[in-house]
Protein chains: 2
Amino acid sequence: MVRAVIDPRSGVPLYRQLAALLRARIVDGTWAPGHPLPAEPDLAAEYGLGKDTVRDALSELRAEGLIETRRGHRTRVREQVEPQLVRLRRGERVAARMPSPAERAEYDLPDGVPMLVVGDQVYPADRYVLVI
Amino acid sequence: MVRAVIDPRSGVPLYRQLAALLRARIVDGTWAPGHPLPAEPDLAAEYGLGKDTVRDALSELRAEGLIETRRGHRTRVREQVEPQLVRLRRGERVAARMPSPAERAEYDLPDGVPMLVVGDQVYPADRYVLVI
DNA sequence: GTATATTTGTACGTATGTATA
DNA sequence: TTATACATACGTACAAATATA
């Protein structure tokens, strides 16, 4: 019996169904950080989907910060780095937002990485944690 | 003399050039929060671009948290809400990351809104600021 | 209240470019 | 050099949600 992992009649967009399948393998550890995902044409062939549908699924995972895609490279599960601690002082306020293009270039940030904002200072959230 | 705002020979992807044009109008206040952007077909016609190129540009601005798109509605500059203050306690650590699909559904979050993480607690960054 | 038009979303296709292996 | 992989950019068609006449 073939298990239909992607169901066109479910009402859920195909790219979201594919994203859910891939996300599950990342969050449950089947694909550890650094592990390569199947190439886009392979995913399209395996699930009988068009190229754009596969790319939409990967785009969603990239925006969630789960994967990293680079031209010429295989798509991989994003690696985690040991966060650097930054001590906060009394009265300071902490916000978070997505980086501007200038900040993304300055810190070489992939998609899906927010910035921690403390006053005038900004810290890429993939490498900093604030402590009181 | 016509000023060529989008230059196919510049080497910069067309969708990024369009995103930069639209972003400039948002960050300089020409288009205030809540202001509608031109409809996608209008942007395509105005700049002589294909539909996908326009959508790629809007997707980038959406991921930055600058705009909000909804089917059937006009795309608009994202509204800001007065942030609610949450007081931190000594020893607590603050991180930020993108929300999971479950968190996005729970808080009805648009694209481009990170989560502030304090221990087991999570706070949508578009409506919370942490204070020491 | 219904029908129509508008608007964004989904899904497919093709071709070519750029970076890397 | 050649092949592989992701990126950009064009096209089409239809679906779904909303706004308008």
Side-chain angles (χ1 to χ4, degrees), chain A residues 4-22 31 34-63 66-78 101 104-105 108 110-112, chain B residues 4-22 31 34-63 66-78 101 104-105 108 110-112:
Chain A
V5 283
I6 291 198
D7 177 9
R9 297 175 308 170
S10 72
V12 179
L14 304 184
Y15 79 93
R16 283 194 196 278
Q17 293 186 52
L18 176 58
L21 283 173
L22 303 177
W31 289 338
H35 191 90
L37 271 67
E40 293 177 5
D42 294 344
L43 286 172
E46 181 177 354
Y47 294 100
L49 300 172
K51 160 191 167 57
D52 276 10
T53 306
V54 170
R55 285 189 65 79
D56 283 349
L58 296 182
S59 176
E60 188 165 274
L61 300 180
R62 201 168 44 210
L66 293 178
I67 64 173
E68 203 167 335
T69 66
R70 277 154 60 206
R71 172 145 52 181
H73 291 268
R74 290 281 291 279
T75 296
R76 290 175 184 277
V77 179
R78 221 185 75 199
R104 293 198 53 187
D108 192 30
D111 283 329
Chain B
V5 283
I6 291 197
D7 177 9
R9 297 175 307 168
S10 73
V12 179
L14 305 183
Y15 79 91
R16 283 194 197 279
Q17 294 186 52
L18 176 58
L21 283 174
L22 304 177
W31 290 337
H35 191 91
L37 271 66
E40 293 177 5
D42 294 344
L43 286 172
E46 181 176 354
Y47 294 100
L49 300 171
K51 164 187 165 62
D52 276 9
T53 305
V54 170
R55 286 189 64 79
D56 283 349
L58 295 181
S59 176
E60 188 166 274
L61 300 181
R62 201 168 44 209
L66 293 179
I67 63 171
E68 203 167 338
T69 65
R70 278 155 60 207
R71 171 145 52 180
H73 291 267
R74 290 283 291 279
T75 296
R76 290 174 185 277
V77 178
R78 223 185 73 200
R104 294 197 52 186
D108 192 29
D111 282 328

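Naming: A, B, ... by sequence-line order, numbering from 1 per chain.
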Under the side-chain hydrogen bond (donor to acceptor under 3.5 Å, both in side chains) rule, collect the residues that match up with B:Arg104, sequence neighbours excluded. B:Asp111

Indicate every side-chain donor-acceptor pair of residues 10-20 of chain A with a distance under 3.5 Å to a residue at least two apart or in another chain.
residue : atom : partner : partner atom : Å
A:Ser10 : OG   : A:Asp7  : O            : 3.1
A:Ser10 : OG   : A:Val12 : N            : 3.1
A:Ser10 : OG   : A:Gln17 : NE2          : 3.0
A:Arg16 : NH1  : A:Glu60 : OE1          : 2.8
A:Gln17 : OE1  : A:Asp7  : N            : 2.8
A:Gln17 : NE2  : A:Asp7  : O            : 2.9
A:Gln17 : NE2  : A:Val12 : O            : 2.7

Please output the side-chain donor-acceptor pairs of residues 48-59 of chain B that fall under 3.5 Å, not counting sequence neighbours, one pair per line with the distance.
residue : atom : partner : partner atom : Å
B:Arg55 : NH1  : B:Glu40 : OE1          : 3.2
B:Arg55 : NH1  : B:Glu40 : OE2          : 3.0

Base-pairing assignment for D:dA15 (Watson-Crick or G-U wobble, both under 3.5 Å): C:dT8

Considering residues at least two apart in sequence or located in another chain, which fulfil the side chain to side chain contact (heavy atoms under 4.5 Å, CB included) criterion with A:Pro36? A:Arg74, A:Arg76

Sugar-phosphate means primed atoms, P, OP1 and OP2; the rest is base. With that split, encode nucleotides 2-11 of chain D 5' to 3' as B, S or - using protein heavy atoms under 4.0 Å. ---BBBBSBB

For B:Arg70, what residues pass the side-chain hydrogen bond (donor to acceptor under 3.5 Å, both in side chains) criterion, not counting sequence neighbours? B:His73

